[in-house]
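What you see is a predicted model, and the numbers here were worked out from it, not measured in a lab.
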Amino acid sequence: MSTETSAAGTAPAPVVTNSSAVPGGLFAGSVFVAIDIGASSGRVILGRVTGGPGGKSAGLETVHRFPNGVKEFDGGLRWDFDALFAEVLTGLAAAATAAAARGESIASIGIDTWAVDYGLVNAAGGLVAAPFSYRDDRSRAAVARVHQLLDPARLYATTGLQFLPFNTIYQLATEPRLDGLQALLIPDLIGFLLTGRRRTEATNASTTGLFDAVAGEWATEFLAALDLPKDLFPPLIQPGETVGTLRQDIAERVGLPESTPVVAVGSHDTASAVAAVPAGAGGDEEKFAYISSGTWSLVGVELSHPVLTEASRAANFTNERGVDGTIRYLRNVGGLWLLSECQRTWAGEGYRPGLEELLDAAAALPAGGPLINADDSYFIAPDNMPDRIRAAVRNTGAVLPEHPAHIVRCILDSLAAGYARTISDAERLADLSTDVVHIVGGGSQNRLLCQLTADATGKPVLAGPVEATALGNVLVQARAAGVLGGGLDELRAVVRASGQPAEYAPSRRAEHQRAGGAL
């Protein structure tokens, strides 16, 4: 499938290339593989689309899970990419075995990961070093240097990208030499090693700070201004287009045919997650906000055009590309990294309560406790998170009791308050109103967080699917193959048919508190 985007940023109806569908538009015994890797873990998942003309649904089967994380070596915090890619191959072999055991064939493979990080590849195709992690602080020193060459207002007017000190543009400015090298974003690097073809998928390209948010192309004048090679990144590819087919050695190693295609999906995991938001149940005019909740929280609305105003820049909102040329107008807000890091610290101290136990204890605490700025850069690097949270609370003039339940409640209250503030800002800056909040990803399972979000926003919250990223990945592959047709509305109808989200209504007490009244 190829989707072209107009200069205004609005995509026409997608063009579906149906090269492997059987009569009737359905695969006979075929499945799709989603390689879905986050900053702390990865999965290889088999996706199946079932049903007929009366309605289709999708199901997922995880065939391989593996840990992921940064390590300190070679002078910084880096990803152990060799180990990561070995896990990808193990997962593909497991997928091939699982499909064969059921008499199925694998129709295609799609890859999504986190954004902004990259590997440098030489002309021979070798990775010159393990990729740095965005959690390394090397790029902070480059921010001022970049802004001397490119005024931040000019950068935003072109890219529409939220300022984050680890954006790709600042990371690249730290590289000692780039001549003869290409930068491949993490999912593109995996795709290259599988197929031998170098491409940059557009949704992830839009997170680099070197992508024109209106034209949907590389901002080549910025590459020149920063003295970066004009061909530093491979050519762009859109979700639904084919990257290539498996290299012979890879195909033999994982037990798949060489003809197996690797299809570009929303390779920025948030782009895939937003494609699988089950919006539309309230009718075509339903206006929704979304929260893709995991290690980070990506909070925003879906638009057809970027918002590039000075007010938007001042609010630090980002305009990232979504599937079908949509704009994911959002802010990065702190996420469940805060909670998982607290659990890691407590486990190291010998305290290992279950998550449900912690959440139940936190829910029993009264509302109105202290809040922190959950997306402060102070919390980015791994360290003793409970101590840092208590210190942040002390800086507000409050005191946080020592018991972990109080820390958990502070984290979740702070996230919910951040979500409410961000959604309100998005509505104001984009001149729209929303009726409902969809929470997808791992955070959709956190009942306390979902209820606190409903209370803080004053809007109903629909939680799920948990595996939205993998589901969006699979649905884009299925549409590219001709199993599905239409645009995002049609894909989201499949999501709604595949599972029922949990519903959370704002509590009456929260309504009175927002109104300044009392019960």
Is any side-chain heavy atom of L246 closer than 4.5 Å to a side-chain heavy atom of I109?
yes

Please enumerate all residues that pass salt bridge (charged side-chain N to carboxylate O under 4.0 Å, His left out) together with D249, with sequence neighbours excluded.
R247

Looking at side-chain heavy atoms only, is the closest gap between I35 and L92 below 4.5 Å?
yes

Can you classify the ring geometry of F85 versus F81 as parallel (below 30°), tilted (30 to 60°) or perpendicular (above 60°)?
parallel

Could you walk me through whether Y118 and E175 satisfy the side chain to side chain contact (heavy atoms under 4.5 Å, CB included) test, starting with their C-alpha distance in whole Å, then the side-chain angles of each, then the deciding distance to 0.1 Å, before giving a yes or no?
CA-CA 12 Å; Y118 58 88; E175 298 291 351; 2.6 Å; yes

Donor-acceptor contact below 3.5 Å, side chain S206 vs main chain R321:
yes

Return the NZ to NE2 distance between K459 and H438, rounded to the nearest 0.5 Å.
12.0 Å

Kindly say whether P306 contributes a backbone atom to a donor-acceptor pair with the side chain of N319 at under 3.5 angstrom?
no

Candidate pair S312 and Y329, rule side chain to side chain donor-acceptor pair (under 3.5 Å), full reasoning:
CA-CA 10 Å; S312 181; Y329 187 60; 2.7 Å; yes

Between W218 and A205 the two heavy atoms that sit nearest each other are CH2-CB, 3.6 Å

Only one of F166, W337, W296, W79 clears ring-ring contact (aromatic ring centres under 6.0 Å, His included) with W114; which?
W79

Please answer whether the main-chain N or O of G38 pairs with a side-chain N or O of N68 as donor and acceptor at a distance below 3.5 Å.
yes

Pairwise side-chain contact, L210 with L228, heavy-atom cut-off 4.5 Å (strictly under):
yes

Smallest separation among heavy atoms of A497 and K56, with atom names
CB-O, 3.5 Å

From CG (L194) to CG (L89), nearest 0.5 Å:
6.5 Å

Flag for N167-Q162: side-chain donor and acceptor within less than 3.5 Å
no

For a quick test of reading the model, state the closest non-hydrogen atom pair linking L77 to V70 and the distance between them.
CD2-CG2, 4.3 Å

To the closest 0.5 Å, what do you measure between CG (N446) and CG (L412)?
5.5 Å

Min side-chain heavy-atom separation D324-R479 under 4.5 Å
yes

Do side-chain atoms of E427 reach the backbone of T434 as a donor and acceptor pair under 3.5 angstrom?
yes

Minimal heavy-atom distance between A273 and T469, with the atoms involved, is CB-OG1, 3.5 Å

Answer yes or no: is there a side-chain heavy-atom contact under 4.5 Å between L185 and T208?
yes

From the list V44, I190, I186, I111, side-chain contact (heavy atoms from CB on, under 4.5 Å) partner of I37 resolves to I190

Close side-chain approach of R492 to L488, heavy-atom, < 4.5 Å:
yes

T168 side chain reached by F233 side chain, heavy atoms, under 4.5 Å
yes

Is a side-chain donor or acceptor of R496 paired with a backbone partner of A279 at a separation under 3.5 angstrom?
yes

Under 3.5 Å donor-acceptor, N316 side chain and F163 backbone
yes

Atom CZ of R344 with >12 non-hydrogen neighbours under 6.0 angstrom
yes

Do you know which two heavy atoms are closest between C450 and V461, and how far apart they sit?
O-CG2, 4.0 Å

Do T159 and F222 pass the side chain to side chain contact (heavy atoms under 4.5 Å, CB included) test, and can you show the C-alpha distance, the side-chain angles, and the key distance before you say yes or no?
CA-CA 10 Å; T159 68; F222 292 170; 3.8 Å; yes

Enter the distance from L120:CG to L127:CG here, rounded to the nearest 0.5 Å.
7.5 Å

Is the shortest heavy-atom distance from the side chain of V440 to the side chain of L471 under 4.5 Å?
no

Set of residues satisfying salt bridge (charged side-chain N to carboxylate O under 4.0 Å, His left out) with respect to E503, sequence neighbours excluded
none

Any salt bridge (Lys or Arg N to Asp or Glu O under 4.0 Å) involving residues 440-453? Give me the pairs, sequence neighbours left out, ordered by first then second residue.
E356-R447

Would you check, one step at a time, whether the test side chain to side chain contact (heavy atoms under 4.5 Å, CB included) holds for Q171 with Y134?
CA-CA 8 Å; Q171 292 196 49; Y134 64 87; 4.2 Å; yes

Taken in chain and number order and not counting sequence neighbours, the residues that satisfy salt bridge (charged side-chain N to carboxylate O under 4.0 Å, His left out) with D375 are R331

Salt bridge or not for E341 and R135, using N-O below 4.0 Å?
no

Can you pull the salt bridge (Lys or Arg N to Asp or Glu O under 4.0 Å) pairs that have at least one residue in residues 193-217, sequence neighbours excluded?
none

OG1 on T200 to CG on L184, rounded to 0.5 Å
6.0 Å

Contacts of D231 that satisfy salt bridge (charged side-chain N to carboxylate O under 4.0 Å, His left out) - sequence neighbours left out
none

Between R48 and E61, is there a side-chain N and carboxylate O pair less than 4.0 Å apart?
yes

Minimal non-hydrogen separation, N204 against V116, with atom names
OD1-N, 4.2 Å

Run the side chain to side chain contact (heavy atoms under 4.5 Å, CB included) test on F211 and L236 for me, step by step, so that the C-alpha distance in whole Å, both residues' side-chain angles and the decisive distance to 0.1 Å come before the verdict.
CA-CA 10 Å; F211 183 87; L236 292 167; 3.9 Å; yes

Can you tell me if T453 uses its side chain to pair, donor with acceptor, with the backbone of L449 under 3.5 Å?
yes

side-chain contact (heavy atoms from CB on, under 4.5 Å) with S267: of P187, S272, P239, only one passes, and it is P187

Roughly how far, to the nearest 0.5 Å, is the OG1 atom of T318 from the CD1 atom of I327?
10.0 Å

